[in-house]
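Contents: one structure, followed by commentary.
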2 protein chains.
Amino acid sequence: MDKGGKGGLHKSKMKSRRTARKSRTSKTRASLSEAAGKTIDLMGTTARYKRTEKLFNEGDKAAYIYKVESGCIKTYNRLKGDRRHIRAFHLPGDYIGLESHTVHDCIADAIAPSVVRLINKKQLMARANSDIALLKFILGVTSSELMRTRDHKALLLKDAESRIATFLLEIADRDSRRGKIGMPMVRQEIADHLGLTFETVSRILWRLERSRIIALPERHDVVIKNATALKRMSA
Amino acid sequence: MDKGGKGGLHKSKMKSRRTARKSRTSKTRASLSEAAGKTIDLMGTTARYKRTEKLFNEGDKAAYIYKVESGCIKTYNRLKGDRRHIRAFHLPGDYIGLESHTVHDCIADAIAPSVVRLINKKQLMARANSDIALLKFILGVTSSELMRTRDHKALLLKDAESRIATFLLEIADRDSRRGKIGMPMVRQEIADHLGLTFETVSRILWRLERSRIIALPERHDVVIKNATALKRMSA
DNA sequence: CGTGTCATTGATATGGCTCAAGTTTTGTGG
DNA sequence: CCACAAAACTTGAGCCATATCAATGACACG
């Protein structure tokens with residue numbers, strides 16, 4: 001796993017090219033101040049990351065906050081025995097590292113080719129010191145993140161089937177496309193996110209497919225054929 | 001379980017008596033703006049709650065934020081099959097409900113006789129609209145809460161022994177008393193907090209006692225006799 | 001001093017993990 | 001574009017940690 005990206009912190013990979021067109025604001029974010037969001041968007045520069053490339057490592061000084069513009073980023077921690085805990089898969093519109101720390105407390109890798117906006121944290125926080133709207137925006141994002149984390153914690157108390165049903169409904173909800181749902185992460189990553197093994201993930205996905213609740217036309221695509229059943233299982 | 005407190009929302013139990021003397025500021029909170037904290041403390045009124053009494057129910061309009069001044073409050077959700085998930089045990093100095101919701105997304109009960117400060121949320125938020133220091137304080141508390149929630153999520157990926165070791169170290173860290181650590185919650189509540197059954201909690205506590213790592217002189221007191229061993233197990 | 005709650009302890013069941021092949025897909029260099 | 005290696009995935013069998021079921025013991029309180 002993780003071949004290549006040894007300790008390679010971002011070199012001089014900044015480009016000022018404006019690549020904001022694909023930015024999709026999620027439902028949760030939509031309720032937050034749009035103006036303050038724009039303030040943030042205008043501040044940074046964008047960078048491209050290849051699959052498996054690191055945005056930052058655990059312990060790195062947290063100099064930037066990151067906004068995903070396209071692709072998918074995972075944030076995770078290493079655990080005992082080459083196990084990992086994936087906190088979240090970040091899709092376009094998501095912010096990473098907005099909660100105040102001086103040092104990153106997790107690792108962030110691109111799991112698909114991604115464009116990310118980097119905003120200087122010191123600069124942003126200085127601005128927030130006199131910009132109430134911006135500060136409220138940051139509070140809003142942090143608050144949403146707290147809720148998401150609570151939901152994910154609750155998920156870890158359910159059985160394997162419920163976890164996967166919940167996960168599928170969540171990615172379906174976040175993916176704009178109708179019909180096929182993009183699932184850019186591999187089985188091992190789903191497992192690390194849900195606190196399961198990849199064998200269990202594989203077995204349960206197969207079980208769901210056999211019972212016609214989902215279809216798996218491609219490794220990275222799911223079709224939800226019976227959302228009602230999935231919702232029932234996820235409870 | 002939960003005999004008595006049917007749906008009894010707080011009646012007219014406000015008293016303006018100042019009961020702040022026992023308030024203890026935890027380490028995490030200490031780094032946050034003291035002035036803004038005082039602003040909050042001056043705003044509310046205090047109320048007393050008996051053991052098992054409800055502060056609020058899931059679905060209640062979130063009219064107040066709560067600051068624990070003495071005692072211990074649990075916040076939790078009901079799950080399928082009369083199971084519950086206890087989010088946190090709140091000790092003196094902790095804030096409850098500061099993250100913005102219009103409706104409470106959990107239940108809060110006193111697990112020991114407690115004094116709690118109630119601050120009108122609308123009033124507080126109105127004030128925060130023009131008080132940057134207060135807003136930053138709220139962001140700080142929310143941010144700490146996010147970190148705590150992340151830590152607790154990570155805990156749920158460990159095995160039963162690690163969870164209990166981590167839990168014991170955490171309550172030891174939060175309890176000021178030297179030696180004996182107060183553990184006001186019953187076994188079932190520890191289990192509901194750690195995602196275990198009370199039988200497993202009981203068995204593991206006994207195992208730790210047998211191996212001289214802890215002592216359990218009373219049902220609600222623990223003595224940590226070998227913190228090093230506990231720390232090793234908690235990893 | 002009896003009744004209910006909480007805790008301890010034992011016996012058994014089981015969901016998901018581990019280990020082990022074998023298969024399919026993806027990526028890479030020629 | 002093909003061949004080959006590596007990575008990802010599927011499937012099976014057995015096992016283990018923790019849940020579940022069950023019985024008993026110890027307080028605490030009216």
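Every chain is numbered from 1 and lettered A, B, ... according to where its sequence line falls, protein lines coming before strand lines. No hydrogens, no waters, no symmetry mates; every other heavy atom, side chains included, goes into these values.
Not a single donor-acceptor contact under 3.5 angstrom links the side-chain atoms of B:Glu218 to the base of D:dC27. Applying the 3.5 Å distance criterion, the base of D:dC21 shares a donor-acceptor pair with the side chain of B:Glu199.
Residue A:Arg207 contributes atom CZ, which lies 14 Å from atom P of D:dT10 at whole-angstrom precision. Per the geometry, CZ belonging to A:Arg83 stands 14 Å off P belonging to C:dG16, to the nearest Å. Protein atom CD1 of A:Ile204 is 12 Å distant from nucleotide atom C1' of C:dC17, rounded to whole Å. Between the CD1 atom of B:Ile164 and the C1' atom of C:dA7 there is a distance of 14 Å, rounded to whole Å. Rounded to whole Å, the distance from NE2 on B:His220 to P on D:dA28 is 9 Å. Remark: P of D:dT18 and CG of A:Asp159 are 17 Å apart, rounded to the nearest angstrom. For the pair A:Leu205 CG and C:dG16 P, the interatomic distance rounds to 14 Å; values are reported in whole Å. Nucleotide C:dC6 holds its P atom 9 Å from the CD atom of B:Gln188, rounded to whole Å.
Within the 4.5 Å cutoff, the side chain of A:Val103 has no heavy atoms near those of the A:Asp60 side chain. Annotation: side chain of A:Arg163 is not in contact with side chain of A:Ile204 (no heavy-atom distance under 4.5 Å).
Using a 4.0 Å heavy-atom distance criterion, A:Arg51 is classed as a sugar-phosphate-only contact.
Contact check on A:Arg87 versus A:Asp105 returns a salt bridge, with a Lys/Arg side-chain nitrogen under 4.0 Å from an Asp/Glu carboxylate oxygen. A salt bridge does not link B:Glu58 with B:Arg78: none of the charged nitrogens is closer than 4.0 Å to a carboxylate oxygen.
The shortest distance between the side-chain N/O atoms of B:Arg187 and the OP1/OP2 oxygens of C:dT8 is below 4.0 Å. Between A:Thr200 and the phosphate of C:dC17, there is a side-chain N or O to OP1/OP2 separation shorter than 4.0 Å. Side-chain nitrogen and oxygen atoms of B:Ser202 include none within less than 4.0 Å of the OP1 or OP2 phosphate oxygen of C:dA7. Between B:Arg203 and C:dT9, a side-chain N or O to OP1/OP2 separation shorter than 4.0 Å is absent.
For an aromatic pair to be called close, the ring centres must be under 6.0 Å apart, and B:Tyr64 with B:Phe56 fails this.
Here the nucleotide nearest the side chain of B:Thr197, chosen from C:dC17, C:dC6, D:dA19, is D:dA19. Proximity note for A:Trp206 (side chain, C-beta onward) versus D:dT11, D:dA26, C:dG16: the nearest is D:dT11.
The residue among A:Phe198 and A:Lys158 whose nearest nucleotide of DNA chain C lies closer to the 5′ end is A:Lys158.
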